[in-house]
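For reference, the structure discussed in these notes is given below.
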Amino acid sequence: MKILLATFWGLPHVGGVDLYIRQLKLGLEQRGHQVDILCRYPDGSGYSILNKQRHLPRKSLYSSVESNIKTYFRENLTGLDPIIQDAETEQYCYELGAAYLGVDSYDLIHAQDVISARALFRIKRPQTALVTTIHGHLAGEWFLSLLRQGDLENPQRKERLWQYAVMREQLGLNSADAATLPTQWMKQMLVHDFAIPMDKLTVVPNGIDIRGFTDQLHGETDMRASWKKVIICPARFDVIKGHKYLIRALAKLKRDRDDWVCWLVGSGGLEFNLRELVKLHAIEEDVAFLGTRRDVPALLRQSDIFVLPSLQDNHPYAVMEAQVAGKAVIVSDAGGMPEMVAHGETGLVFPVGNDDQLYQYLCALLNDEQLRHHLSSQAMHVGIERWSLDVMMSRMDAVYEMALTRKRERTGGI
């Protein structure tokens, strides 16, 4: 079968969607399928079918799309919010770019977000099945980014933009013949908040190539752990990842003991603020900012405790990797993470934003070697079983077959 994996986001990219696409492509090719990847450039300046080396600059489309769409809005939707106009313009640019690059030869298209799903639904062949995977709460994250920019001071404008965000989510999901998502948490949210039919949604937890990841665990790194215990937090520097609660917990930990060091692995716009917070709490000697790294598995190997204090998360690969690596895991109870970590068995789960509870759990794992080893061994055993790529692919095969069957029924088998 010829399959197109498509995303509105730029690739390559440091993050879960990029990793998911690479793992899914590997799993599909191992099953004998031919797989292509459609995406934007990392800086958003163009569109590409990556493995075919087919590229199209955005500038060759933008002026024409913008002119036509703004004329339409001016004549038919007077007063439409400029933010919505910009969002729609970018989607239509992506849609036109995909049409130029060509999407007519595929048996199935697997979109990785609601924006690409809606766009490809409009231009694909009628007999091509469309599957969508939801990796996160796009409406919520997009809306939160607008709030941070200070664009939503007017309550009426805020409500209109939220309605648009919800509509975009609904259109993208309803365009698909079938949709997958990695957690029950996300499924319940989509059914409750976005009125998506339950039978369209299938929970398929993410998977990883265990053998390939194990090889990476034993890879080279220039970091060397000292006699101190290593606490690691690999996550982009964004408010949603909750780093400030980890730093507050570490400040309390410092008052009790100095037999630890914390490695913050990642980058992002919040880095300056986090560095200032570390200085404020006088723990600069204990917290290392390692930047974006390609040797995260090797860093995990040298670590003792893994922490992810997110305010919102769905099914993070970082947690999966930490469990497969056999690390004692501490996560917040945000999103789907309680489905990944069984408290007291495969890790410890603390309430979102509760830095005091996080501090208590860090103390417990540093004090109790037996507990730390129990959680580590259980995490590895369960992780290798639950997060294997083969498990994910067998579930995805069933979803693909369902989408293809629905498509044949609707098109009369053409």
For Ile3, is there any backbone N or O sitting under 3.5 Å from a side-chain donor or acceptor partner on Asp36? no
Can Arg408 and Glu401 be counted as an ion pair, charged N to O under 4.0 angstrom? yes
His110 versus Met396: any side-chain heavy-atom pair under 4.5 Å? yes
Any sub-3.5 Å donor-acceptor pair from Arg301's side-chain atoms to Gly219's backbone N or O? yes
Verdict with reasoning, Phe237 to His243, per ring pair (Phe, Tyr, Trp, His ring centres under 6.0 Å): CA-CA 7 Å; Phe237 297 146; His243 288 88; 5.1 Å; yes
Taking Asp304 for the side chain and Val230 for the main chain, is one N or O donor matched with an acceptor at less than 3.5 Å? yes
For the residue pair Gln163 / Glu159, report whether a side-chain donor-acceptor contact shorter than 3.5 Å exists. yes
To the nearest 0.5 Å, atom CG of Asn206 lies from atom NE2 of His315 at 5.5 Å
Where Val265 and Arg293 come nearest, the two heavy atoms and their spacing: CG1-CG, 3.7 Å
Minimum-distance pair of heavy atoms, taken over all atoms of Gln85 and Leu80: NE2-O, 3.0 Å
Kindly write out the residues that satisfy side-chain hydrogen bond (donor to acceptor under 3.5 Å, both in side chains) with Arg395, not counting sequence neighbours, or none if the list is empty. none
Donor-acceptor contacts, no H, no angles, side chain residues 244-255, under 3.5 Å, sequence neighbours left out:
| residue | atom | partner | partner atom | Å |
| --- | --- | --- | --- | --- |
| Lys252 | NZ | Asp355 | OD2 | 2.7 |
| Lys254 | NZ | Asp286 | OD1 | 3.0 |
| Lys254 | NZ | Asp286 | OD2 | 3.3 |

Looking only at side chains, do Lys327 and Ser303 share a donor and an acceptor under 3.5 Å apart? no
Side-chain ion pair, Lys2 and Asp107, N-O less than 4.0 Å: no
Using a cut-off of 6.0 Å, state whether more than 12 heavy atoms not belonging to Phe121 lie near its atom CZ. no
Kindly write out the residues that satisfy salt bridge (charged side-chain N to carboxylate O under 4.0 Å, His left out) with Glu90, not counting sequence neighbours, or none if the list is empty. Arg40, Arg58
What do the steps show when you test Asp18 against Arg22 for salt bridge (charged side-chain N to carboxylate O under 4.0 Å, His left out), and what is the final call? CA-CA 6 Å; Asp18 186 306; Arg22 285 188 279 116; 2.6 Å; yes
So, Tyr94 versus Phe8, ring centres under 6.0 angstrom or not? yes
With no hydrogens and no angle check, is any side-chain donor or acceptor of Thr128 less than 3.5 Å from a backbone partner on Lys124? no
For Gln357, which residues count as a side-chain hydrogen bond (donor to acceptor under 3.5 Å, both in side chains) partner, sequence neighbours excluded? none
Please check if the side chain of Arg410 supplies one atom and the backbone of Thr405 the other of a donor-acceptor pair under 3.5 Å. no
Are His135 and Tyr20 an aromatic pair, judged by ring center distance below 6.0 Å? yes
Are the side chain of Ser67 and the backbone of Ser63 linked by a donor-acceptor contact shorter than 3.5 Å? no
Partners meeting salt bridge (charged side-chain N to carboxylate O under 4.0 Å, His left out) with Lys241 (sequence neighbours left out): Asp313
Thr292 meets the side-chain hydrogen bond (donor to acceptor under 3.5 Å, both in side chains) criterion, sequence neighbours left out, with Ser267
From Leu300 atom CG to Gln216 atom CD, the distance as rounded to the nearest 0.5 Å: 10.5 Å
About how many Å separate CD1 of Ile21 and OG1 of Thr7, when rounded to the nearest 0.5 Å? 5.0 Å
For Tyr359 and Asp256, which I'm curious about, is there any donor-acceptor pair between the side chains at under 3.5 Å? yes
Spell out, as yes or no, whether a donor-acceptor pair under 3.5 Å connects the side chain of Asn174 to the backbone of Ile196. no
If you measure only the distance, is there a donor-acceptor pair under 3.5 Å linking the side chains of Tyr106 and Gln34? no
Applying side-chain hydrogen bond (donor to acceptor under 3.5 Å, both in side chains), can you list everything that pairs with Asn76, at least two apart in sequence or on another chain? none
Beyond-backbone contact of Thr180 with Ile134, side-chain heavy atoms, under 4.5 angstrom: no
Using 4.0 Å as the upper bound for N to carboxylate O, is an ion pair formed by Asp177 and Lys200? no
Indicate yes or no for a side-chain donor-acceptor contact from Asp368 to the backbone of Ala364 under 3.5 Å, with no hydrogens or angles considered. no
With sequence neighbours left out, what residues match Phe73 under ring pair (Phe, Tyr, Trp, His ring centres under 6.0 Å)? none
Counterpart residues, ring pair (Phe, Tyr, Trp, His ring centres under 6.0 Å), relative to Tyr100 (two or more places apart): none
Looking at Leu5 and Gln112, what are the two nearest heavy atoms and their distance? CD2-NE2, 4.5 Å
So Phe194 and Trp162, would you call those rings parallel, tilted or perpendicular, with 30° and 60° as cut-offs? tilted
For the pair Ser64 (side chain) and Leu61 (backbone), establish whether a donor and an acceptor sit closer than 3.5 Å, ignoring hydrogens and angles. no
Pairs under 3.5 angstrom only: tabulate donor-acceptor contacts from the side chains of residues 328-343 to other protein residues two or more places apart or in another chain.
| residue | atom | partner | partner atom | Å |
| --- | --- | --- | --- | --- |
| Ser332 | OG | Ser310 | O | 2.6 |
| Ser332 | OG | Ala334 | N | 3.3 |
| Asp333 | OD1 | Val352 | N | 3.0 |
| Glu339 | OE1 | Gln184 | N | 2.9 |
| Glu339 | OE2 | Gln184 | N | 3.2 |
| Glu339 | OE2 | Trp185 | N | 2.8 |
| His343 | ND1 | Val349 | N | 2.9 |

For Ala288, what residues pass the side-chain contact (heavy atoms from CB on, under 4.5 Å) criterion, not counting sequence neighbours? Trp263, Leu290
Which heavy-atom pair separates Gly347 from Leu375 by the least distance, and what is that distance? N-CD2, 3.7 Å
Is a side-chain donor-acceptor pair under 3.5 Å present for Ser388 with Asp390? no
I'd like a table of donor-acceptor pairs (distance under 3.5 Å, sequence neighbours excluded) in which one partner is a side-chain atom from residues 275-285, with atom names and distances.
| residue | atom | partner | partner atom | Å |
| --- | --- | --- | --- | --- |
| Arg275 | NE | Glu271 | OE2 | 3.0 |
| Arg275 | NH2 | Glu271 | OE2 | 3.0 |

